[in-house]
Number of protein chains: 2
Amino acid sequence: MDPIDTLIQHFRERIVLTDHDARCVGECFHVVTLKKKEVLLHTGEVSSHMRYIAEGCLRSYYMDEEAREHIIQFGIDGWWVNDLYSYLTRTPAKQFIQALEHSVVLQIHRDTLNQLYDQVPAIERFFRFKFEKAYVAVQDRTLNTLSKTAEERYFEFRSKYRDIEQRVPQYMIASYLGMTPEFLSALRKKTTT
Amino acid sequence: MDPIDTLIQHFRERIVLTDHDARCVGECFHVVTLKKKEVLLHTGEVSSHMRYIAEGCLRSYYMDEEAREHIIQFGIDGWWVNDLYSYLTRTPAKQFIQALEHSVVLQIHRDTLNQLYDQVPAIERFFRFKFEKAYVAVQDRTLNTLSKTAEERYFEFRSKYRDIEQRVPQYMIASYLGMTPEFLSALRKKTTT
DNA sequence: AGCGTTTCTTAAGATACCTTAAGATTTTTA
DNA sequence: TAAAAATCTTAAGGTATCTTAAGAAACGCT
């Protein structure tokens with residue numbers, strides 16, 4: 001399917017769009033194709049687009065002072081990825097966004113999107129919904145991180161994101177969950193045996 | 001100042017409201033007064049209101065299986081508090097919301113707010129902004145929790161929320177930061193001396 | 001098919017943080 | 001203003017998780 005059609009369908013599962021609006025919305029996005037390991041957003045660049053994953057798998061991560069990578073988010077088909085802080089404040093990104101597989105991403109520029117909010121209020125509603133849910137999800141993650149053991153976090157991750165678990169290397173899951181790959185490996189051994 | 005006026009001013013710092021809209025918005029909220037320690041939302045109840053703190057200080061927290069409290073959020077004058085998951089999904093809350101001081105809260109019912117989104121699009125925009133920023137903030141907290149030591153988290157908290165630090169007991173800050181009160185006490189001793 | 005690269009595992013020693021328990025201090029209430 | 005309740009501190013011993021280093025397995029390219 002044409003990636004833009006995928007996106008329109010994605011919107012229409014959540015909000016009402018007339019055919020005219022849908023066409024108008026579709027024209028605002030453009031397609032970016034990424035090879036495996038290609039970086040879509042580098043630290044230091046300002047993120048000026050909202051990004052929808054039509055196909056593939058990406059991660060966003062940041063590198064701390066000791067050059068350790070911390071994975072902030074994985075994203076697969078149907079998800080949105082961004083360094084939202086950079087996007088909203090127009091400051092240099094502290095995150096990288098990188099393709100983990102060959103991927104197709106649809107982008108809309110901030111200025112275009114802001115116009116679209118006025119032209120098609122349903123799109124503003126879509127993003128309100130989206131951020132409400134995203135907020136709940138990330139708050140839940142924070143709470144898990146604070147109150148659960150590494151083992152509990154890992155098994156919750158597996159049951160919640162089985163599709164992601166099978167597409168990304170184990171050491172990245174460890175990073176996402178805030179533990180070392182060695183420790184995760186030990187956990188798995190303990191409970192698999 | 002009348003609490004409703006405080007709220008209108010809060011909106012007007014972020015979005016444009018005609019006088020007519022402002023009056024209309026103001027009428028949708030009602031005032032709730034809370035004594036210290038009073039609970040505004042209990043676990044098990046469905047949260048049906050969005051809540052703005054006109055005055056005072058509250059916390060939201062949840063109790064895990066071992067009956068340990070984990071503080072999710074503090075809120076003071078000008079902040080919003082809610083169990084958003086319960087509000088959005090109409091399922092029983094897993095969080096408590098409790099006043100830590102005498103407080104005045106302004107509430108709007110979900111149904112009223114949903115109508116208001118259609119009547120006054122600027123209000124929908126306000127909440128889009130709000131959740132965008134809230135998402136960024138809580139993502140930042142997650143990252144801190146995952147990548148920093150307890151000591152780093154504590155000093156960041158102090159510099160970021162000096163106003164809150166001075167209003168809430170130290171053991172609650174420990175809970176918010178995901179450490180034991182004993183450990184926080186030891187940290188403070190180490191670095192104060 | 002073979003070689004380099006990426007990913008996963010193992011294990012020993014180190015450390016950050018927790019648990020328990022008790023006493024000291026501060027705040028609230030009667 | 002005294003008693004009760006809430007909060008903070010101290011200290012000893014325990015556990016979860018990390019660090020380092022090395023080798024094994026899987027994957028990807030020529």
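We name chains A, B, ... by the order of the sequence lines, and we start the count at 1 in each one.
- As rounded to whole Å, 12 Å separates atom P of D/dA6 from atom CZ of B/R59.
- One axis for each end of the helix from C/dA1-D/dT30 to C/dA30-D/dT1, each built from five base pairs, and the angle between them comes to 60° at 10° resolution.
- Side-chain heavy-atom separations under 4.5 angstrom define the hydrophobic clusters, and A/L146 shares its cluster with no other residue.
- A straight line from CG of A/L177 to P of D/dA16 spans 18 Å, rounded to a whole angstrom.
- For B/K148 and D/dC18, the NZ to C1' distance is 19 Å, given to the nearest whole Å.
- With a 6.0 Å cutoff to the six-membered ring centre and a 45° limit on the axis angle, B/R188 does not count as a cation-pi contact of B/Y154.
- In the model, B/R153 has no side-chain atom that pairs as donor or acceptor with a side-chain atom of B/N144 under 3.5 Å.
- For the pair B/L187 CG and C/dC18 C1', the interatomic distance rounds to 13 Å; values are reported in whole Å.
- Straight-line distance from the CD1 atom of B/I173 to the P atom of D/dT9: 11 Å, rounded to whole Å.
- A heavy-atom distance below 4.0 Å to DNA chain C is reached by none of the residues of residues 61-76 of chain A.
- Partners of A/E151 according to the side-chain hydrogen bond (donor to acceptor under 3.5 Å, both in side chains) rule, which considers only residues two or more places apart in sequence or in another chain, are A/K190.
- To the nearest angstrom, P of D/dT17 lies 15 Å from OH of A/Y154.
- The side chain to side chain contact (heavy atoms under 4.5 Å, CB included) search around B/P121 returns none, not counting sequence neighbours.
- Every ring-ring contact (aromatic ring centres under 6.0 Å, His included) that B/F131 has, sequence neighbours left out, goes to A/Y135.
- Hydrophobic side-chain contacts under 4.5 Å tie B/L143 into a cluster, directly or through other members, with A/Y62, A/I72.
- Annotation: ring-ring contact (aromatic ring centres under 6.0 Å, His included) contacts of A/Y176 (sequence neighbours excluded): A/F74, A/F157.
- Checked for salt-bridge contact, A/R12 and A/D19 meet the test: a charged N lies under 4.0 Å from a carboxylate O.
- Partners of B/H49 according to the ring-ring contact (aromatic ring centres under 6.0 Å, His included) rule, which considers only residues two or more places apart in sequence or in another chain, are B/H30, B/H109.
- Counting heavy-atom neighbours within 6.0 Å of B/F11 CZ, excluding the residue itself, gives a total above 12.
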Detail all sub-3.5 Å separations between protein N/O atoms and N/O atoms belonging to nucleotides 23-29 of chain D.
none

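- For A/Y171, there are no ring-ring contact (aromatic ring centres under 6.0 Å, His included) partners two or more places apart in sequence or in a different chain.
- Phosphate contact (OP1/OP2 of D/dA16, side-chain N/O of A/T149, threshold under 4.0 Å): absent.
- When all heavy atoms of A/I97 and A/N82 are compared, the pair lying nearest together is CD1-CA, 3.7 Å.
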Polar atom pairs (N or O), protein with nucleotides 6-14 of chain C, under 3.5 Å:
from	atom 1	to	atom 2	distance (Å)
C/dT7	OP2	A/Y171	OH	2.5
C/dC8	OP1	A/Q170	N	2.9
C/dC8	OP2	A/Q170	N	3.0
C/dC8	OP2	A/Y171	N	2.9
C/dT9	OP2	A/Q170	NE2	2.7
C/dT9	OP2	A/S185	OG	3.0
C/dT9	O5'	A/S185	OG	3.2

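- When the P atom of C/dA16 is taken as reference, atom CD of B/E151 falls 10 Å away, rounded to whole Å.
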